[in-house]
Amino acid sequence: MTRYWIFKSEPYEFSISNLAECLITRWDGIRNYQARNFIREMNVDDVVYFYHSNCKVPGIYGKMTVITPSYSDPTANDKDSKYFDKKAANLNSWLSVDVMYKDKYKEPLTLHSIKQLALGDSPLTSKGNRLSIIPLTDEQYELIEREINTLNDL
DNA sequence: GCCAACGTTGGC
DNA sequence: GCCAACGTTGGC
């Protein structure tokens, strides 16, 4: 069963353009239990939208796919990593997946536009949302995908 | 830069 | 186990 997700990143840290260059990256440094539990549910070929947060125009800027099952996030136990967690209980305290670049949109789907869609309840559009990994229902995915395709003549 | 919302921490 | 204080996220 293919599932659909949104991953957030601050573009100053890592952007869709960075991913378009390196093509494959490990999505690591997630240090929130709810987000970690979502990573655990991921499967190869899951579809992920790349969301730019904390920037001038927040929104969905591209697409990627999950290319590995979840695995222990090596940065949690790496003293030299900025994501080092000295309290991490064990190797599986935190999880990563690898993702592969798929698309970078000429016209991003802005948060403003997303709020016009009838997504229903989602951490994406609720106030004060800080969740960096957000699951989408099939219906939410369809709405978003259709809007992006319209915007980009896909 | 402001500040609301939320997760985490730590004293009790 | 409660909850106030604190730190961080992220839209505006």
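Every chain is numbered from 1, with letters handed out A, B, ... down the list of sequences. For clarity, every value in this text was computed on a predicted model and none was experimentally measured.
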Separation of [N] [atom2] from [X] [atom1] (nearest whole Å):
X        : N      : atom1 : atom2 : result
A/Ile134 : C/dG11 : CD1   : C1'   : 13 Å
A/Ile6   : C/dG10 : CD1   : C1'   : 15 Å
A/His52  : C/dG11 : NE2   : C1'   : 16 Å

- Task: Kindly say if A/Tyr12 contacts the phosphate of C/dG10, meaning a side-chain N or O under 4.0 Å from OP1 or OP2.
- Result: no
- Going 5' to 3' along nucleotides 2-9 of chain C, which nucleotides have protein heavy atoms under 4.0 Å from the base (write B), which only from the sugar-phosphate (write S), and which from neither (write -)? -----BBB
- Message: Angle between ring planes, A/Phe14 versus A/Trp27, binned at 30° and 60°: parallel, tilted or perpendicular?
- Response: perpendicular
- Aromatic ring proximity, centroids under 6.0 angstrom, A/Trp5 and A/Phe50: no
- Classify the nucleic acid contact of A/Lys56 as base, sugar-phosphate or nothing, counting any heavy atom under 4.0 Å across all strands shown. nothing
- Item | Pairs satisfying side-chain hydrogen bond (donor to acceptor under 3.5 Å, both in side chains), at least one member in residues 7-21 of chain A, at least two apart | A/Glu10-A/Asn54, A/Glu13-A/Lys82, A/Ser15-A/Asn18, A/Ser17-A/Lys104
- Is there side-chain contact between A/Ile134 and A/Gln140, with at least one heavy-atom pair below 4.5 Å? no
- Between A/Tyr49 and A/Glu145, is any side-chain donor less than 3.5 angstrom from a side-chain acceptor? yes
- First locate atom CG of A/Leu95, then atom CD of A/Glu41, and finally report the distance between them rounded to the nearest 0.5 Å. 11.5 Å
